[in-house]
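Structure first, commentary second.
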Amino acid sequence: MLAKSNRPWLGVLGLDAAIDRRVQRPRERGITMVIDTGLGLAATTDALKIVAPYVDHWKLAFGTSALMSAEALRHKLQLLSEHKVMTYPGGTLLEAAIVQQHCRVYMRRARELGFHAVEISDGTIDLSHDRRRRVIDCARNADLIAITEVGKKDPAHQPEAGELAEQALQDLEWGAAWVIVEARESGRGVGIYDDAGALRREFLEELTRRLGDKIDRVIWEAPRKEQQAALVRRFGANVNLGNVAALETLALEALRSGLRYETLSRIAELEQAAGHWNPAVPEPVAEPEAEDDVAMPGVSSHG
């Protein structure tokens, strides 16, 4: 988050109060996880100049980190680390390693390359509970933060809310720092979304009820703007959201801060209901500014 002294609209009409709804980094809730499907070094550098204060996690999606040079990957991870952004490879890459019985080798290599964490999932393959626990232990023994993902990628084989909640709670008990709820990159027909990408509200509420006070350890994948807006309206500005495109990070932050239609409209309704704002009442007439205060730089106000 930008320091107040560096905000371009500092002190204007309460905008700072809107921005300050957000928990500041480093934070344990209100996480934004960017999904990176192949940004180059220059694009990553350029994006971070603007979005770094608003990003917490940066996931190199599926197996993309295996398809770039080691030099480029290390450079990229170092750049993100300098901006205090946690990095991890996508869970599908770990699933591929597990199929080949290379879990421990994978963890050591992830650490050597400069990743801070790993995503542990079984969205494509099946893992027994015992194997899943041992993979979490394997990550932590390699001095990596374990971030698990619950859910399946196949729209035809979707777990019930109770199953997702049970696995998420178990993962946290086993030592996972965060649990991501699967939605893929499309946000359609998977997890808490229906085939059109809309929230399955009853499903979401059942999952939320079962997660209880662990809800702040859950990251909801929400690649679409309307999904992000719906989750901000449901859980507030500091909901954990993932699978956000790097160049959409500021747009999401505007949603969180009530600086877009989708969330400003609700804030306006609440302010009006509380009596803090009445659209029928004009604002007070401002006192005229002194002539010297409005003179153009370099131009004398006295002729």
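In this chain, residues are counted from 1 in sequence order.
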#### Entry: Worked verdict on Glu205 versus Arg234 for side chain to side chain contact (heavy atoms under 4.5 Å, CB included)
CA-CA 10 Å; Glu205 293 306 322; Arg234 169 59 183 84; 2.7 Å; yes
### Message
The test is side chain to side chain contact (heavy atoms under 4.5 Å, CB included); show your working for Thr124 and Phe62 and say whether it passes.
### Response
CA-CA 11 Å; Thr124 302; Phe62 24 93; over 6 Å; no
### Query
In terms of hydrophobic clustering (I, L, V, M, F, W, Y; side-chain heavy atoms under 4.5 Å; direct or indirect links), are Ile147 and Leu169 co-clustered?
no
### Query
How would you list, by chain and number, every residue that makes a salt bridge (charged side-chain N to carboxylate O under 4.0 Å, His left out) with Arg210, sequence neighbours excluded?
Glu206
### Message
Would you say Leu113 ends up clustered with Leu93 if hydrophobic residues are merged whenever their side chains have heavy atoms under 4.5 Å apart, either directly or through other cluster members?
### Response
no
### Query
Hey, does Leu164 have a side-chain heavy atom less than 4.5 Å from the side chain of Phe203?
yes
### Query
Excluding sequence neighbours, so at least two apart, what forms salt bridge (charged side-chain N to carboxylate O under 4.0 Å, His left out) with Arg201?
none
### Query
Mind checking whether Val150 and Ile215 sit in one hydrophobic cluster, side chains of I, L, V, M, F, W, Y counted as touching below 4.5 Å?
yes
#### Entry: Gap between atom CG of Leu73 and atom CZ of Phe115 - 0.5 Å precision
4.5 Å
### Message
With a 3.5 Å distance limit and no angle check, can you tell me whether Asn240 reaches the backbone of Val218 through a side-chain donor-acceptor pair?
### Response
yes
#### Entry: Minimum-distance pair of heavy atoms, taken over all atoms of Leu231 and Val239
O-CG1, 4.1 Å
### Message
If I compare all heavy atoms of Tyr106 with all of Leu94, which pair ends up nearest, and what's the gap?
### Response
CD2-CD1, 3.4 Å
### Sequence-distant partners of Ser121, side chain to side chain contact (heavy atoms under 4.5 Å, CB included), two or more places apart
Glu95, Glu149
Kindly list each side-chain donor-acceptor pair under 3.5 angstrom involving residues 28-40, sequence neighbours excluded, with atom names and distances?
from	atom 1	to	atom 2	distance (Å)
Glu28	OE1	Arg217	NH1	2.9
Glu28	OE1	Arg217	NH2	3.4
Thr32	OG1	Arg256	NH2	3.0
Asp36	OD1	Gly38	N	2.8
Asp36	OD1	Leu39	N	2.8
Asp36	OD2	Trp58	NE1	2.9
Asp36	OD2	Lys76	NZ	2.6

### Residue list, side-chain hydrogen bond (donor to acceptor under 3.5 Å, both in side chains) with Glu82, at least two apart or on another chain
Gln78
### Query
In terms of hydrophobic clusters joined by side-chain contacts under 4.5 Å, are Val232 and Leu199 together?
yes
### Task
Heavy atoms only: give me the nearest Leu252-Leu241 pair and the separation to one decimal.
CD1-CD1, 3.6 Å
### Query
Taking the side chain as C-beta and beyond, is there a heavy-atom pair between Lys152 and Asp122 under 4.5 Å?
yes
#### Entry: Partners passing side chain to side chain contact (heavy atoms under 4.5 Å, CB included) against Arg233 (at least two apart in sequence or in another chain)
Ala229, Ala230, Glu262, Thr263
### Query
Can you tell me how far CD1 of Ile125 sits from CD1 of Ile98, rounded to the nearest 0.5 angstrom?
5.0 Å
### Task
For the pair Ser81 (side chain) and Leu77 (backbone), establish whether a donor and an acceptor sit closer than 3.5 Å, ignoring hydrogens and angles.
no
#### Entry: Neighbour count >12 (heavy atoms, 6.0 Å) for atom CD, Glu202
no
### Message
Considering only residues two or more places apart or on different chains, which pairs with a residue in residues 158-173 satisfy side-chain hydrogen bond (donor to acceptor under 3.5 Å, both in side chains)?
### Response
His129-Gln167, Arg132-Asp171, Thr148-Asp171, Gln167-Asp171
### Task
Consider only side-chain heavy atoms of I, L, V, M, F, W and Y, link residues closer than 4.5 Å, and tell whether Leu127 and Met107 are in one cluster.
yes
### Query
Charged N to carboxylate O under 4.0 angstrom, Arg22 versus Glu253?
yes
### Message
Looking at every non-hydrogen atom in both residues, tell me the closest pair between Ala161 and Leu207 and how far apart they are.
### Response
O-CD1, 3.6 Å
### Task
Please name all residues satisfying salt bridge (charged side-chain N to carboxylate O under 4.0 Å, His left out) with Arg108, sequence neighbours left out, ordered by chain then number.
none
## Note on the structure
The reported gap from CG in Leu255 to NZ in Lys225 (rounded to nearest 0.5 angstrom) is 8.0 Å
### Query
With sequence neighbours excluded, what pairs up with Asp213 under the salt bridge (charged side-chain N to carboxylate O under 4.0 Å, His left out) test?
none
Output a table of donor-acceptor pairs, distance under 3.5 Å, between side-chain atoms of residues 177-185 and any protein atom two or more places apart or on a different chain; print 'none' if there are none.
from	atom 1	to	atom 2	distance (Å)
Glu182	OE1	Lys153	NZ	3.0
Glu182	OE2	Arg184	N	2.7

### Query
If only atom types and distance count, is the side chain of His116 paired as donor or acceptor with the main-chain N or O of Thr87 below 3.5 Å?
yes
### Message
Once salt bridge (charged side-chain N to carboxylate O under 4.0 Å, His left out) is applied, what residue pairs with a partner in residues 39-56 remain, sequence neighbours excluded?
### Response
Arg27-Asp56
### Query
Judged by atom type as modelled, is there a donor-acceptor pair below 3.5 Å linking the side chain of Arg111 to the main-chain atoms of Leu144?
no
### Passing candidate, side chain to side chain donor-acceptor pair (under 3.5 Å) with Tyr88, options Glu119, His57, Lys59
His57
## Note on the structure
Closest non-hydrogen contact found for Ala146 with Ile120 is CB-CD1, 4.1 Å
### Query
Closest approach of Thr249 and Ala246, non-hydrogen atoms and distance?
OG1-O, 2.8 Å
Name the atoms and distances for all side-chain donor-acceptor pairs under 3.5 Å in residues 186-196, with sequence neighbours left out.
from	atom 1	to	atom 2	distance (Å)
Ser186	OG	Arg188	N	3.4
Arg188	NH1	Ala196	O	3.4
Tyr193	OH	Glu221	O	2.7
Asp194	OD1	Ala196	N	2.9
Asp194	OD1	Gly197	N	3.0
Asp194	OD1	Ala198	N	2.9

### Pair Asp137 + Arg134: basic N to acidic O under 4.0 Å
no
